[in-house]
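What follows is a set of notes on a single structure, which appears directly below.
Order of the sequence lines fixes the chain letters, A, B, ..., with proteins taken first and strands second; residue numbering starts at 1 for each chain.
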Amino acid sequence: MATSLMQMPKNSLIRGTWGLKPSTPNAPAGCSHVNGYKVDNWRQNLRVIYQCFVWSGTAETRRRKAKSCICHMCGAHLNRLHSCLYCVFFGCFTKKHIHEHAKNKRHNLAIDLLYGGIYCFVCQDYIYDKDMEQIAKEEQRKAWKLVSVHSTGIGEKYTTWEPTKRELELFRHNPKRRKITTNCTIGLRGLINLGNTCFMNCIVQALTHTPLLRDFFLSDRHKCEMQSNSCLVCEMSQLFQEFYSGHRSPHIPFRLLHLVWTHARHLAGYEQQDAHEFLIAALDVLHRHCKGDTINDNGKKTNNPNHCNCIIDQIFTGGLQSDVTCQVCHGVSTTIDPFWDISLDLPGSPTPFWPLSPGGDGSTVNGENHLSGSTTLTDCLRRFTRPEHLGSNAKIKCGGCHSYQESTKQLTMKKLPIVACFHLKRFEHSAKLRRKITTYVSFPLELDMTPFMASSKESRVNGQYQQSVDVLNNDNKYSLFAVVNHQGTLESGHYTSFIRQHKDQWFKCDDAIITKASIKDVLDSEGYLLFYHKQFLEYE
Amino acid sequence: MNKEARLKATINQKLTETGERERLKELLRAKLTECGWKDQMKAQCKEVIKEKGLEHVTVEDLVVEITPKGRALVPDSVKKELLQRIRAFLTQHAS
């Protein structure tokens with residue numbers, strides 16, 4: 001199976017196995033001078049050296065290292081200290097003390113106490129013997145495990161990627177390399193409209209430009225367990241291959257459309273559908289297919305949907321907290337529900353809109369433009385997370401009072417997804433009429449979700465948000481990367497999307513036509529679906 | 001060894017004994033990756049390799065060329081943070 005080679009990291013340049021003997025991949029990478037060392041119980045001896053002097057994990061080895069690891073000639077602990085592999089001698093590399101020792105005693109191997117590299121004085125360079133490298137890696141991992149228990153926030157030690165034998169083979173058989181420059185258009189491709197399928201095309205554009213999703217698929221991380229050919233995740237994988245193939249002609253997504261019709265019957269047919277509905281349906285099918293479970297004839301899922309850790313959940317699932325406060329005893333009942341998107345009401349909708357933040361006081365929570373009176377995304381979010389009196393017609397059974405009482409309800413974000421999708425509810429389908437709300441809502445390039453978090457709730461007084469001191473928390477900062485727009489009316493309309501290619505390069509995707517767009521074009525657009533990506537990713 | 005060198009050695013001993021040295025190294029590694037210093041250094045290394053030729057270049061060539069540039073390019077904020085950590089450690093372990 002062909003793998004996407006342009007994603008290979010650039011550090012595969014210098015490794016012993018790579019450069020020295022390309023014609024015989026199985027030859028040992030080191031030098032022949034190590035053979036003199038590799039006798040008797042050399043493996044155990046080497047391990048001891050690593051444990052005691054290079055990566056000391058236990059308190060005892062650390063104490064010993066602290067005391068003994070100094071140059072035998074000048075007493076310094078700096079200067080790239082090396083240890084002789086044949087005897088107990090420590091010497092500076094920079095001051096050539098270890099070189100002197102090597103020459104005098106004819107001990108031609110030494111180990112760097114800082115990084116564990118093996119130096120051969122005959123070859124006059126560091127060598128990479130496969131057996132010794134293996135021991136080094138194991139000892140490093142062992143020691144790290146012991147040290148890291150004492151510190152929070154540092155998990156598995158980061159090791160650079162090293163190609164396996166199979167991967168090296170693939171490199172040799174596929175010599176073509178693709179260079180990613182700041183201006184390259186790789187990943188951009190038009191999509192043919194198959195008959196009112198622009199609702200699908202714009203979502204596909206957004207998904208293929210979601211960085212984490214792209215990385216997942218381009219690294220071939222999906223292992224399909226479905227028996228039939230109808231796995232949507234496999235099709236997505238294929239789609240990414242098409243988008244990053246470098247072909248400039250538009251792609252015809254007929255297989256994707258067919259799969260969508262198969263798995264989301266309510267979207268079948270050639271009528272115009274809602275892009276937001278398609279997004280949710282697509283995420284749902286992908287989520288189900290990711291788990292690799294086979295859905296039996298009854299349509300029952302075999303796995304618990306609440307404990308999924310598939311890529312869709314990892315990227316898109318957030319937690320919405322709902323707090324219902326009893327107005328009598330002030331007891332709070334909290335529930336947390338998963339969400340893939342946040343649907344926001346707009347002014348002009350039947351339900352009254354929260355008073356707008358006054359345009360005149362110059363308050364710019366997220367750097368949005370307050371053209372006097374225009375609504376911002378932040379306004380909508382503020383409204384979404386405001387406490388709401390449920391009224392005397394909607395009394396809640398209070399667990400504290402043991403009776404029905406009036407209450408207030410408030411929604412806040414408990415857990416933010418890596419990709420936050422905001423859905424501006426522009427399509428009104430009430431009993432009376434169906435119409436589109438075209439009110440302009442301004443949205444920012446960078447968004448800070450801190451004010452809308454459950455943890456920020458306490459800092460709100462009288463519904464007015466007070467700037468939290470927690471400005472240093474980078475975890476809630478987002479960047480816009482895709483916008484889906486709808487032009488026209490409910491009866492006849494057209495979807496297009498803007499997607500971000502590199503840091504500040506935006507492109508407009510109108511089915512098969514891709515054009516360069518300015519940031520102003522993007523921010524001035526009406527906005528229907530807004531896709532934001534977390535700026536900083538933390539390890540779990 | 002003069003007084004300053006002895007002080008340095010003592011501090012280093014304490015850092016090594018407690019394992020703090022390793023933790024600081026990891027912290028530094030993370031900070032230097034975050035701010036792009038690591039990528040800058042990689043690029044510099046590639047230049048040296050191109051110059052000297054893949055078959056002939058040694059680690060020593062790289063060390064000699066890269067070390068001064070590397071030292072100069074460490075951001076002040078990173079230096080400050082590490083110094084702060086070390087100071088805090090020393091205050092904690094003052095004897």
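- Counting non-hydrogen atoms of neighbouring residues, nucleotides and ligands closer than 6.0 angstrom, the NZ atom of B/K79 exceeds 12 such neighbours.
- Note that CD of B/Q13 and NE2 of A/H77 are 9.0 Å apart. Values are rounded to the nearest 0.5 Å.
- The structure places OH of A/Y126 at 7.0 Å from CD of B/E60, a figure rounded to the nearest 0.5 Å.
- Looking at A/R80, only its side chain comes within 4.5 Å of chain B, counting heavy atoms on both sides.
- Residue A/R500 places its CZ atom among more than 12 non-hydrogen atoms of other residues, nucleotides or ligands, all under 6.0 Å distant.
- At a 4.5 Å heavy-atom cutoff, the contact between A/F93 and chain B is made by side-chain atoms alone.
- In this view, A/H107 and A/Y86, A/H101 satisfy the ring pair (Phe, Tyr, Trp, His ring centres under 6.0 Å) rule, not counting sequence neighbours.
- Atom NZ of B/K25 is separated from atom CG of A/L114 by 4.5 Å, given to the nearest 0.5 angstrom.
- Sorted by first then second residue, the ring-ring contact (aromatic ring centres under 6.0 Å, His included) pairs that include residues 40-91 of chain B, not counting sequence neighbours, are B/F89-B/H93.
- The CZ atom of A/R63 lies 7.0 Å from the CD atom of B/E17; values are rounded to the nearest 0.5 Å.
- Proximity of a side-chain donor or acceptor of A/D125 to a complementary backbone N or O of B/V59 within less than 3.5 Å is detected.
- In this structure, the portion of A/Q124 lying under 4.5 Å from any heavy atom of chain B is its backbone and not its side chain.
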